[in-house]
Amino acid sequence: MKKIAADAPQTRSADIVAENVERLKALFPEACAEGKIDFATLKQLLGGEVEEREEKYGLNWHGKRRARQLALTPSTGALRPCPEESVDWDTTQNLMIEGDNLEVLKLLQKSYAGKVKLIYIDPPYNTGNDFVYPDDYRDNIKNYLELTGQTDGENRKLSSNTEASGRFHTDWLNMMYPRLKLAKYLLRRDGVIFISIDDGELPALRLAADDIFGEENFLACFVWKSRQNKDNRTLTGASVDHEYIVCYGNNIRGNVRDQSQYSNLDNDSRGDWISANMVGIATAERRPNLHYDLVNPGTGLNYGCPRMGWRYDRDTMARLIDEKRVLWPANPNGRPRRKAFLSELESDFTGFSTFIGDYIFTRDGTADIDALFDVRLFSFPKPVRLITNLIEQGADGEDIVLDFFAGSGTTGHAVMAQNAADGGKRRYILIQLPELLSTENRDQKTAADFCDRLGKPCNIAELTKERLRRAGNKVRGENPMFAGDIGFRVFRLDTTNIRSWEPDRKDLEGTLLDGIDHIKPDRSEQDILYELLLKLGLDLSAPIETRTVAGKQVRSIGAGVLFACLDENIAREDVEPLAFGITAWRAELTPAGDSTVVFRDSAFADDVAKTNLAAILEQRGLGNVRSL
Ligand SMILES: C[S@@+](CC[C@H](N)C(=O)[O-])C[C@H]1O[C@@H](n2cnc3c(N)ncnc32)[C@H](O)[C@@H]1O
């Protein structure tokens with residue numbers, strides 16, 4: 001049985017550098033020698049496309065290299081579950097994560113890379129009055145705990161980024177760049193990101209986003225008329241009545257089909273077409289209405305049902321057949337496909353104006369939140385309707401919507417409201433810093449007093465959670481027929497739960513700590529389960545089932561992808577019944593791939609018990625056995 005050592009992949013968030021190298025290797029195997037990239041060969045393979053001049057076009061600032069590096073450094077933190085602060089913990093698919101978004105975005109990579117359909121963010125605009133989070137590349141988790149008042153010692157204060165700092169745009173870019181880079185990895189291939197901003201950082205944001213997402217993936221810069229009445233207080237005298245929402249796709253070129261592939265072999269009056277796939281992506285348990293035998297009414301040939309069903313329900317399919325859009329293969333073992341006409345090619349943005357002037361103003365955002373509370377808690381939240389408009393365009397079905405500068409939680413509210421409006425099952429992931437609120441600060445006093453009244457710590461993440469609780473009830477109250485998800489699971493960023501996984505403990509491994517418990521004493525079994533789950537790349541809302549096997553509590557996570565028994569005592573006589581019980585349970589669940597089984601290293605009575613347990617499990621097909 002192998003112990004998960006400090007340098008094992010399971011102790012870290014995703015290793016993005018290693019993934020980048022793998023991608024290059026797959027594209028250019030000849031530029032790879034003994035596991036390393038041969039840069040000279042790679043350059044040769046790219047011909048004249050390599051930019052080698054020192055003065056290149058693009059955005060540069062002091063710290064860019066470090067900012068890029070910061071995104072690539074794995075996190076050693078963990079997300080600790082907080083069921084008591086959550087709503088509908090057992091059933092909800094929504095997540096509210098309290099923490100610094102840089103570390104959290106790193107921790108989410110293994111489970112959510114390529115899975116998020118829509119990201120909306122409303123970062124600090126860098127007006128000079130807002131604070132810009134200062135990352136510390138040496139130990140960002142310690143930095144986070146200090147900045148948010150979660151350490152015993154002297155806490156450092158978050159201060160606003162003023163123009164007098166001399167590094168005004170630099171500080172903002174250093175903060176934004178690694179976060180946007182990590183966000184890109186989370187986006188699905190057809191995903192989109194919307195970023196709110198004003199004139200102050202629009203130019204820097206556009207250039208940074210061009211750099212990260214690619215200029216060719218720029219979709220639109222929406223102008224939002226955000227105020228109705230003139231503002232007479234500006235320095236220049238001009239009343240600035242708008243903000244921007246900058247939008248990039250993840251892979252526009254890959255998604256927009258090459259028009260040269262369309263043709264009109266059968267002289268269809270609707271013009272050129274290509275044949276498109278109609279096979280679905282959901283199992284029969286999830287979408288039973290998409291699983292049925294497809295029969296050609298003209299010939300009576302039955303084409304059966306693919307394993308993942310069809311993309312359309314029976315009624316839609318009947319209409320497609322009626323409109324002669326279905327292509328029937330002669331062989332019943334073939335798959336019927338659909339005619340997709342060039343004239344009907346649509347994107348998420350077809351017909352969408354880049355001017356949002358339809359009377360949704362900043363003050364509506366204030367009214368939305370005022371309707372939930374009896375005091376004014378948050379300055380300038382975005383209007384729910386502004387965000388539902390974006391969500392309606394860019395996400396549907398069970399798509400994941402992410403906001404990693406959640407503030408008062410408007411995006412979570414908007415996801416629930418839009419689901420209630422159109423019956424969607426979109427899920428949200430929100431990330432918010434527990435930014436401290438002080439009763440001594442005039443602007444924060446009302447919110448801080450409110451937290452005190454609730455008996456909660458005084459920070460913005462508490463406001464986010466309370467808004468989500470109240471917004472969920474309001475959406476349900478206003479839509480009595482809506483049976484969708486109004487819950488959320490809360491997680492909190494912290495240091496790892498496993499002592500020996502901490503980077504500065506590496507030296508002790510195998511000596512001092514061997515034989516003693518590596519799990520930190522103040523951490524619960526649930527903390528450890530969720531750390532394992534995330535580092536194995538499972539969904540944070542994956543189901544966890546508990547059974548008693550040979551008198552020990554065993555958990556199955558993600559229907560048998562991971563089994564964990566963190567009991568503190570495993571005697572020699574427990575070994576056989578425990579191993580048999582786990583393998584029988586796995587046989588019942590039949591997970592698609594390998595399963596990992598994890599035990600507490602210090603639990604075994606002796607080495608014989610440990611070795612025997614691993615051997616029995618291996619004999620029965622469970623070779624991935626680890627200890628903590
Ligand atoms: C402009 S507000 C977002 C408002 C939000 N759109 C709404 O409608 O309520 C930006 C938020 O980002 C949070 N924030 C700033 N830096 C952060 C970081 N490093 N990690 C997580 N949240 C952060 C701030 O605390 C602030 O609440």
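Both ligands and their constituent atoms are indexed starting at 1 by order of listing.
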- Message: Are Asp527 and Pro81 packed together at the side-chain level, in the sense that at least one heavy-atom pair is separated by less than 4.5 angstrom?
- Response: yes
- Query: Hey, does Leu390 have a side-chain heavy atom less than 4.5 Å from the side chain of Tyr120?
  - Reply: yes
- Message: Residue by residue, ordered by chain and number, which ones reach under 4.0 Å of ligand 1 with a heavy atom?
- Response: Gly99, Asp100, Asn101, Asp122, Phe131, Tyr133, Arg179, Phe378, Pro381, Lys382, Phe404, Phe405, Ala406, Gly407, Ser408, Thr410, Gln432, Leu433, Glu435
- Message: So that I can tick it off, tell me whether Asp494 and Arg80 are bridged by a salt bridge, with the cut-off set at under 4.0 angstrom between side-chain N and carboxylate O.
- Response: yes
- Ring geometry between Tyr530 and Trp89 (parallel below 30°, tilted from 30 to 60°, perpendicular above 60°): perpendicular
- With Pro74 via side chain to side chain contact (heavy atoms under 4.5 Å, CB included) - residues at least two apart: Arg12, Ser13
- Task: May I ask you to decide whether Glu98 forms a salt bridge with Lys465, counting only side-chain N to carboxylate O separations under 4.0 Å?
- Result: yes
